[in-house]
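In what follows, residues are counted from 1 in the order of the sequence shown.
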Amino acid sequence: MFDVLGSLNVVETAVAKSGYFTAGTQVGEPKGPRDGPGLSAAIFMTSAAIAATTLQHPIESHVVTVRLYQDMLAEPTADIELELSQALGQLIDDLMSDIDFGGEIRNIDAGGQYNTMSANWGYVDLGGTMYRIADLNVPLTVDDTSATFG
């Protein structure tokens with residue numbers, strides 16, 4: 001139960017192969033400034049819970065956060081918000097088109113059976129560099145129909 005590593009890995013793989021994050025992707029929150037120009041992404045767990053049960057196994061609800069980063073002083077600064085928003089929209093489209101991640105996840109719970117997909121914008125300081133961020137909360141339903149329990 002609570003195979004959060006599996007959830008983190010499938011989301012990180014999907015984010016990395018999207019090609020939007022030229023400054024890299026990683027599992028876990030960065031502790032210092034990101035390498036290079038462009039967008040980067042970090043993937044980390046927000047929550048894990050047993051949402052329901054089948055006759056044999058629990059149905060788990062995992063919420064994985066994908067945090068998009070852009071240096072707030074990147075030039076042209078007028079494009080930062082647009083670039084971040086466009087990448088977020090494209091990432092949502094990509095994630096929703098691969099809804100079961102090849103059998104590892106039952107589905108993305110975007111409609112809100114157990115959680116809802118949501119995005120929040122803000123700022124974060126990483127080692128003296130201020131970043132504009134967008135946090136995409138990706139709710140995943142994991143149960144005995146996925147390969148995790150295979």
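- Of all the heavy atoms in A74 and I80, the pair that sits closest is O-CD1, 3.6 Å.
- Residues D71 and P37 form no side-chain contact, since every pair of their non-hydrogen atoms from C-beta on lies 4.5 Å or further apart.
- The two residues A48 and V4 have their closest heavy-atom pair at CB-CG1, 4.0 Å.
- Atom CD of Q86 and atom CG of L68 lie 12.0 Å apart (nearest 0.5 Å).
- Of the inter-residue distances, the one linking T77 atom OG1 with L73 atom CG reads 8.0 Å to the nearest 0.5 angstrom.
- Residues I133 and L91 fall into different hydrophobic clusters, defined by Ile, Leu, Val, Met, Phe, Trp and Tyr side chains chained together at heavy-atom separations under 4.5 Å.
- Criterion: ILVMFWY side-chain heavy atoms under 4.5 Å apart, direct or through other members. Under it, V63 and I59 are not part of a common hydrophobic cluster.
- Put simply, the side chain of K17 never gets that close to the backbone of V15: no donor and acceptor are under 3.5 Å apart.
- Applying the side chain to side chain donor-acceptor pair (under 3.5 Å) test to S118 and every residue at least two apart in sequence or in another chain returns N137.
- Linking ILVMFWY side-chain heavy atoms closer than 4.5 Å, directly or via other members, places V11 and I92 in a single hydrophobic cluster.
- Smallest separation of non-hydrogen atoms from Q70 and G38: OE1-O, 3.5 Å.
- Under a hydrophobic-cluster definition in which Ile, Leu, Val, Met, Phe, Trp and Tyr are linked whenever side-chain heavy atoms come within less than 4.5 Å, directly or via other members, V138 and L84 are assigned to the same cluster.
- V64 and Y69 are members of different hydrophobic clusters when ILVMFWY side chains are connected at heavy-atom separations under 4.5 Å.
- Looking at heavy atoms from C-beta onward, E12 lies out of side-chain contact with Q26 at the 4.5 angstrom threshold.
- Legend: salt bridge (Lys or Arg N to Asp or Glu O under 4.0 Å) pairs involving residues 37-48, not counting sequence neighbours: none detected.
- Listed by chain and number, the residues in a side chain to side chain contact (heavy atoms under 4.5 Å, CB included) with S18 are Y20, F21, D94 (sequence neighbours excluded).
- Taking D135 as the reference, R67 meet the salt bridge (Lys or Arg N to Asp or Glu O under 4.0 Å) condition, with sequence neighbours excluded.
- With hydrogens and angles left out, the side-chain atoms of T141 and E60 include no donor and acceptor closer than 3.5 Å.
- Residue pairs meeting the side-chain hydrogen bond (donor to acceptor under 3.5 Å, both in side chains) criterion with at least one partner in residues 120-132, sequence neighbours excluded, are E81-R132.
- Grouped by direct or indirect side-chain proximity (heavy atoms under 4.5 Å, Ile/Leu/Val/Met/Phe/Trp/Tyr only), L82 sits alone.
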Report all side-chain donor-acceptor pairs from residues 39-47 shorter than 3.5 Å, counting only partners two or more places apart or in another chain.
{"unit_1": "S40", "atom_1": "OG", "unit_2": "R34", "atom_2": "NE", "d": "2.9"}
{"unit_1": "T46", "atom_1": "OG1", "unit_2": "T65", "atom_2": "OG1", "d": "2.3"}

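- Distance check, rounded to the nearest 0.5 Å: CG of L95 to CD1 of I108 gives 5.0 Å.
- Looking only at side-chain heavy atoms (C-beta outward), K31 and L126 stay at 4.5 Å or farther from each other.
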